[in-house]
Amino acid sequence: MAPKFQKLPGTLDVLPAESWKWQYAEEQMRTVAGLFGYREIRLPTFESTELYQRGVGEGTDVVSKEMYTFEDKGGRSCTLRPEGTAGVVRAVLENGLLAASPLPLKSYYIESHFRYERAQKGRYREHHQFGIECFGTHAPEADAEVIAVADMLLRRIGLGEYASLEVNSIGCPACRPAYNQALRAYFGAREGELCDTCKGRLQTNPLRLLDCKEEACQAIAKDAPSMLEYLCEDCAGHFAAVQALLAEAGIAFVVNPRIVRGLDYYTNTVFEFVASGIGAQGTVCGGGRYDGLIGELGGAPTPAVGFGMGVERLLMLVEEAGKLPPAPDGPLLYAVAADEAGRAAARKLVAGLRAKGYAAEYDIVQRSVKAQMKAAARLGAHFTVVLGEAEVQGGSAKFKNMQEEGEVPFLLDSAAEALEMALFRKTARQFGGRLKREVAPGTLDPLQQCFLE
RNA sequence: GUGGGUAUAGCUCAGGUGGUUAGAGUGUCAGGUUGUGGCCCUGAAGGCCGUGGGUUCGAGUCCCACUACCCACCCCA
């Protein structure tokens, strides 16, 4: 029975039952970004089409055939952002941030990107990306730091052994032309064996031949001259320094001379974190240096590095690896009402707990006691209490622990405080005294926090 | 843009060679226990079988088109 309205191809619903996974991932992203001093930037979802044409590059697939472009009522050509960097650069320049703030300028974002392409596992038309950008330094330490952010996030989220880092350098305007020349000479000699798209790219962008997935092309590319042999002195030194810094930081990597990025703005360092388990889309995170982009978009030439990380892909990997944390706790109390008097008492008790900052629920569908108990169990409530005429008269009720055995009588007037105490004890047992050292600051709620102090 | 596969209940799926009231499991709701969850039992609700054509006396079943989804290419996160 096809519903009247269905979501558009390549879009995704994140339903209430699983939104906590997204919140968890985003929380980790914000935490790690914060540890490295990156601050959030929030930008418009659409920009002028020209920004992307100039920024990402007319020759890229993203710009030439994947953009959601429309004309608004004022006759402007607008485009739903297909990637994050161009918009960040625009905002940084428009607001004069490079002049007004101390360098480096570090920012991060978590936002939707839109690309019109055929959806498949791990690839969507609207996908979410966590990205960071670091402006104003050409030092290799910046490259290493940007990579370290991605590495730390992947480790914290449980993917340390599942995603591997590949790095490369694609040179700068000083050394790239010579390399392109060498590639043309090498591939040109065997042009007949190349696939059609590669034949075309031979002139326009020979770098991309290295990236072709065609078997025949790969076989040829295997022995192609490496960019690394053509790097100018500056680029070679920079790349060597980046590698040394990564090694020093204990971040494992392999140099893969065949990684090239699909966006035109990259220079020097490029990198990808790749993993298996999300279909054919192995790249969870991709990025690199883009020293030419700011100038291209009208700013004073400024070096920059950054990366983008696919949130959907990240979550797929985390689930695949079985590294998701347990689902969040249910309410502290579900107050079951047996009659009208009990209903009023339940409302009061629940309101009191909520005011203290604890999740608590009662039945708002007027169901039977049994159905309310079922609802409480399904929600994962820690405690239930059945309230009716008798309890209201007597002023006390038995609170049932839903997760262990046992019923405890509490006075209704002080039930909220009693439940707080019960939660204290539970927390104490769960975490024990070593908690302080093992748990990162900010991951505990205020109650757990004060228990520790 | 290209190729392959799929489309039946909220979800996962059965429904040889076309035949009359379309099934299971699970989930939902209710009852068995007139005030107590998880196990068990019973019942109910929930389907113009993706959409539109065609073949046929008759189509969930065969044919065509469309659409969507899945997988892959391309590209990218």
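Each chain gets a letter, A, B and so on, in the order its sequence line appears, and its residues count up from 1.
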Give one of base, sugar-phosphate or nothing for [X], where a contact means two heavy atoms less than 4.0 Å apart.
X	answer
A:Gly282	nothing
A:Phe130	nothing
A:Gly131	nothing
A:Ala371	sugar-phosphate
A:Leu379	nothing

Rounding to an integer number of Å, can you tell me how far [X] [atom1] sits from [N] [atom2]?
X	N	atom1	atom2	result
A:Leu8	B:rU67	CG	P	13 Å
A:Glu133	B:rA77	CD	P	11 Å
A:Glu272	B:rA77	CD	P	8 Å
A:Met373	B:rC39	CE	P	14 Å
A:Lys7	B:rG50	NZ	P	18 Å
A:Gln129	B:rC75	CD	P	18 Å

[N] versus [M] - spacing of their [atom1] atoms, nearest Å:
N	M	atom1	answer
B:rA9	B:rC48	C1'	14 Å
B:rG31	B:rG38	P	13 Å
B:rU34	B:rG25	C1'	32 Å
B:rA68	B:rG27	P	34 Å
B:rU26	B:rU42	P	11 Å
B:rC66	B:rG4	P	13 Å
B:rG23	B:rA45	P	13 Å
B:rA65	B:rG3	P	13 Å

Would you name the heavy atoms of A:Ile220 and A:Tyr186 that are closest together and state the gap between them?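 What the structure gives for the nearest pair is O-OH, 2.6 Å.
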Let me know, please, whether A:Val284 or A:Tyr116 comes out on the 5' side of the other along RNA chain B by nearest nucleotide.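 The residue mapped nearer the 5' terminus is A:Tyr116.
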Please tell me which of A:Ala338 and A:His128 maps to the more 5' nucleotide of RNA chain B, matching each residue to the nucleotide holding its nearest heavy atom.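 Final value for this comparison: A:Ala338.
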Taking atom types as modelled, is there a side-chain donor on [X] or [Y] under 3.5 Å from an acceptor on the other?
X	Y	result
A:Tyr265	A:Glu83	yes
A:Gln28	A:Arg156	yes
A:Thr85	A:Glu133	yes

Tell me, yes or no, whether the heavy-atom count around [X] atom [atom1], taken from other residues, nucleotides or ligands under 6.0 Å, exceeds 12.
X	atom1	answer
A:Phe46	CZ	no
A:Lys21	NZ	yes
A:Leu15	CG	yes
A:Arg258	CZ	no
A:Glu26	CD	yes
A:Tyr116	OH	no

Considering just the side-chain nitrogens and oxygens of [X], establish if one lies under 4.0 Å of OP1 or OP2 belonging to [N].
X	N	result
A:Gln120	B:rC70	no
A:Arg261	B:rC75	no
A:Arg378	B:rC29	yes

Taking the side chain of [X] as heavy atoms from C-beta outward, which of [options] is closest to it?
X	options	result
A:Asp61	B:rG37, B:rA68, B:rC75	B:rC75
A:Glu66	B:rU36, B:rC75, B:rA30	B:rC75
A:Glu391	B:rC29, B:rG35, B:rC75	B:rG35
A:Arg367	B:rG37, B:rA30, B:rG35	B:rA30
A:Glu117	B:rC29, B:rA77, B:rG37	B:rA77
A:Thr283	B:rU36, B:rA72, B:rA77	B:rA77

What would the secondary structure line of RNA chain B be in dot-bracket form, counting Watson-Crick and G-U wobble pairs under 3.5 Å, with [ ] for pairs that cross earlier ones and | for pairs with another strand? (((((((..((((.....[...)))).(((((.......))))).....(((((..]....))))))))))))....
Using a 4.0 Å cut-off on heavy atoms, which residues in residues 307-323 of chain A reach RNA chain B? List them by number, or say none.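 Nucleic-acid contacts, sorted: A:Gly308, A:Gly310, A:Arg313.
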Stacking between A:His127 and the base of B:rA77 (centre distance under 5.5 Å, interplanar angle under 30°)?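 Yes, A:His127 stacks on the base of B:rA77, since the ring centres sit under 5.5 Å apart and the planes are within 30°.
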A:His128, A:Gln129, A:His127 screened by side-chain hydrogen bond (donor to acceptor under 3.5 Å, both in side chains) with A:Ser112, the one that passes: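 The passing option is A:His128.
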Is any side-chain N of the basic residue among A:Glu47 and A:Arg81 closer than 4.0 Å to the acidic one's carboxylate O?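 A salt bridge is absent here (no side-chain N lies under 4.0 Å from a carboxylate O).
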Let's test your reading of the model: under 3.5 Å, does the base of B:rG32 pair with the side chain of A:Lys370 as donor and acceptor?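 A donor-acceptor contact between them is present.
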State whether the distance check finds a donor on one side and an acceptor on the other, under 3.5 Å, for side chain A:Gln372 versus base B:rG35.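 No pair found.
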